[in-house]
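Whatever order the structure lists ligands and atoms in, that order sets their numbers, starting from 1.
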Amino acid sequence: MLTEIKHHTMNQQKHIAIVGATGAVGEEMLNCLAERNFPMSKLTLLASARSAGQTRNFRGEEITIKELTHDSFEGIDIALFSAGGGISLEYGPSAAKAGCVVIDNSSAFRMDPDVPLVVPEINPDAARSASKNIIANPNCTTIISLMALFPLHQEFGLKSIIASSYQAVSGSGAAGITELEQQNKLLSEGKEITAENMNVYPVQIASNVIPHVDVFQENGYTKEEQKMLFESQKILQLPELKVTCTCVRVPVYRSHSVSITAQFDKDVDVAAAKACFETYPGIQLKDDPDNNIYPVPLDTTCKDDCLVGRIRKDQVLDNALTIWVVGDQVRKGAALNAVQIAEIL
Ligand code: A2P
């Protein structure tokens with residue numbers, strides 16, 4: 001109910017909370033807040049009862065992690081949620097009701113018409129109209145893809161996307177990273193990988209690729225693949241945009257790569273496409289195939305900017321470009337994007 005929502009008056013020095021502070025994205029949120037010298041009066045770290053009492057260092061200060069409860073949000077201005085959709089659904093409304101702006105990394109609220117879905121380089125103004133005190137951080141593959149597609153859309157007018165993703169295990173959180181580490185260790189020791197080493201992925205991820213990210217839907221696509229469609233339409237305000245996507249998990253630790261064929265309203269030109277990226281914030285061109293220069297996941301690991309390369313005129317579709325974009329899933333795909341949204345507020 002809108003009438004129940006309180007809004008704090010935002011001043012320069014905010015009280016920030018991280019929900020899921022011990023997770024892969026939560027830890028990176030801590031790093032981003034520190035590196036960007038985010039102006040804040042206080043930082044509260046929240047996680048499950050399992051982690052309560054542990055400490056994390058932030059700008060030289062030891063902060064004790066507290067257990068997340070419905071009463072955790074009194075006096076907090078902005079809460080960055082990254083503890084999974086169930087926790088967001090359960091605790092996000094309590095936080096919003098307490099007057100705190102929730103920036104939610106899960107998919108729980110993304111398609112709610114009253115919840116802005118924001119990539120700060122693309123639609124920053126949307127973040128200022130969070131009538132429910134909730135702002136959603138888009139899906140990581142969608143963010144990284146749109147970082148490359150938005151400058152092209154401005155130049156040529158985007159019509160459709162055909163994409164295949166190569167997604168890092170960090171997208172499955174700390175447990176995904178641990179599973180790949182353990183399986184790699186077993187393989188290097190010449191040992192067998194058994195069911196007990198497969199808790200996150202249905203099949204072995206080490207030395208393998210899995211064409212399955214998130215759950216399958218009735219139409220044969222996965223939920224992750226449909227996020228690319230619905231979230232791109234919402235962020236770009238292009239309800240007619242067509243998207244087909246195959247999302248693939250690869251044995252890479254942190255950065256996602258996406259191969260995209262994008263069709264446009266206007267005739268495309270490779271030189272003009274490359275020029276789009278020269279001044280655009282958050283994305284850099286790395287495209288000199290004659291010298292084996294193109295983006296690879298290790299280039300963006302622990303970096304803020306996404307990289308785009310392999311830009312060529314598509315030889316099947318008219319008015320289309322085929323490109324390759326890479327970005328750190330934990331940073332721009334999640335933690336950094338959330339912190340950038342907080343910076344807008
Ligand atoms: P905890 O470490 O205490 O379980 P990841 O996405 O890397 O798997 O991280 C998930 C994050 O969500 C962790 O910080 C985890 O905390 C947190 N989390 C999981 N369950 C709960 C819960 N019931 N209450 C609060 N935080 C939770």
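Using a cut-off of 4.0 Å between Lys/Arg side-chain N and Asp/Glu carboxylate O, R310 and D287 are scored as not salt-bridged. Electrostatic pairing of R254 and D328 counts as a salt bridge here, judged by a charged N lying under 4.0 Å from a carboxylate O.
A search for side chain to side chain contact (heavy atoms under 4.5 Å, CB included) contacts involving P251 returns L180, I205, V209, not counting sequence neighbours.
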Between ligand 1 and the protein, find all N/O pairs closer than 3.5 Å and give the distance for each.
{"unit_1": "ligand 1", "atom_1": "2 (O)", "unit_2": "T22", "atom_2": "OG1", "d": "2.5"}
{"unit_1": "ligand 1", "atom_1": "2 (O)", "unit_2": "S51", "atom_2": "OG", "d": "3.1"}
{"unit_1": "ligand 1", "atom_1": "3 (O)", "unit_2": "S48", "atom_2": "N", "d": "3.1"}
{"unit_1": "ligand 1", "atom_1": "3 (O)", "unit_2": "S48", "atom_2": "OG", "d": "2.5"}
{"unit_1": "ligand 1", "atom_1": "3 (O)", "unit_2": "S51", "atom_2": "OG", "d": "2.4"}
{"unit_1": "ligand 1", "atom_1": "4 (O)", "unit_2": "S48", "atom_2": "OG", "d": "3.4"}
{"unit_1": "ligand 1", "atom_1": "4 (O)", "unit_2": "R50", "atom_2": "NE", "d": "3.3"}
{"unit_1": "ligand 1", "atom_1": "4 (O)", "unit_2": "R50", "atom_2": "NH2", "d": "2.7"}
{"unit_1": "ligand 1", "atom_1": "7 (O)", "unit_2": "A24", "atom_2": "N", "d": "2.9"}
{"unit_1": "ligand 1", "atom_1": "7 (O)", "unit_2": "A174", "atom_2": "N", "d": "2.8"}
{"unit_1": "ligand 1", "atom_1": "14 (O)", "unit_2": "G20", "atom_2": "O", "d": "3.1"}
{"unit_1": "ligand 1", "atom_1": "14 (O)", "unit_2": "T22", "atom_2": "N", "d": "3.3"}
{"unit_1": "ligand 1", "atom_1": "14 (O)", "unit_2": "T22", "atom_2": "OG1", "d": "2.6"}
{"unit_1": "ligand 1", "atom_1": "14 (O)", "unit_2": "G23", "atom_2": "N", "d": "3.0"}
{"unit_1": "ligand 1", "atom_1": "16 (O)", "unit_2": "T22", "atom_2": "OG1", "d": "3.1"}
{"unit_1": "ligand 1", "atom_1": "26 (N)", "unit_2": "S48", "atom_2": "N", "d": "3.2"}

**Message:** Set out, in order, the CA-CA distance, both residues' side-chain angles and the distance that settles ring pair (Phe, Tyr, Trp, His ring centres under 6.0 Å) for F73 and F81, then state yes or no.
**Reply:** CA-CA 12 Å; F73 299 98; F81 271 65; 5.7 Å; yes
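Counting heavy atoms of neighbouring residues, nucleotides and ligands inside a 6.0 Å radius, atom CD of E240 does not exceed 12 of them.
Relative ring orientation between Y166 and W324 is described as perpendicular, the plane-to-plane angle rising above 60° on a 0-90° scale split at 30° and 60°.
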